[in-house]
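In what follows, a structure is listed as structure tokens, so that the remarks can point back to it.
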Amino acid sequence: MSLDGIFNTSFTMSSPPPGSVNVCLGKIVEGPGGRWVPCATMVGGGVYYSGLFQVGPGRRQVCASDVVMPCAEAALTRAIELASTAAA
């Protein structure tokens with residue numbers, strides 16, 4: 001991911017929409033930027049977002065709501081990339 005991509009991603013993260021459900025979780029990604037769990041979040045109607053949550057007290061989940069993913073597998077793949085960037 002380019003430096004521009006990293007900065008743009010930080011502006012597109014938001015809280016998961018009400019009623020959304022995490023349908024798959026990836027393995028924890030750990031680095032100097034913390035420990036992050038990637039996930040695929042189903043919003044409804046076949047819409048999925050890539051999500052992340054940071055491991056630790058007081059942390060919460062965020063979703064990359066800028067890109068609608070067509071399936072849980074695609075959302076999780078993108079979430080793993082985002083977690084790797086966040087942990088770096």
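Position 1 is the first residue of the sequence, and the numbers go up from there. No hydrogens, no waters, no symmetry mates; every other heavy atom, side chains included, goes into these values. This is a predicted model, so every value here is computed, not measured.
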Least distance between heavy atoms, [X] atom then [Y] atom:
| X | Y | value |
| --- | --- | --- |
| Ala64 | Arg78 | CB-NH1, 3.2 Å |
| Gln54 | Gly34 | NE2-CA, 3.9 Å |
| Ala75 | Ala40 | CB-CB, 3.8 Å |

TODO: First locate atom CG of Leu76, then atom CD of Glu81, and finally report the distance between them rounded to the nearest 0.5 Å.
DONE: 10.5 Å
TODO: Look up atom OG1 in Thr85 and atom CD1 in Ile80, then write down how far apart they are to the nearest 0.5 Å.
DONE: 12.0 Å
- [ ] Run through Pro17, Cys39, Ser20 and flag the one making a side-chain contact (heavy atoms from CB on, under 4.5 Å) with Tyr49.
- [x] Pro17
Task: Hydrophobic cluster identity match, Val62 and Leu82, side-chain contacts under 4.5 Å - done: yes
Open item on the list: Please tell me whether Ile28 and Leu25 are part of a single hydrophobic cluster in this structure, the criterion being side-chain heavy atoms less than 4.5 Å apart.
Closed with: yes
Open item on the list: Taking side chain to side chain contact (heavy atoms under 4.5 Å, CB included) as the definition, give me every residue that meets it alongside Met42, ordered by chain and number, with sequence neighbours left out.
Closed with: Val23, Tyr48
Task: Residue pairs, two or more places apart or on separate chains, that pass side-chain hydrogen bond (donor to acceptor under 3.5 Å, both in side chains) and touch residues 25-44 - done: Asn22-Thr41, Thr41-Gln61
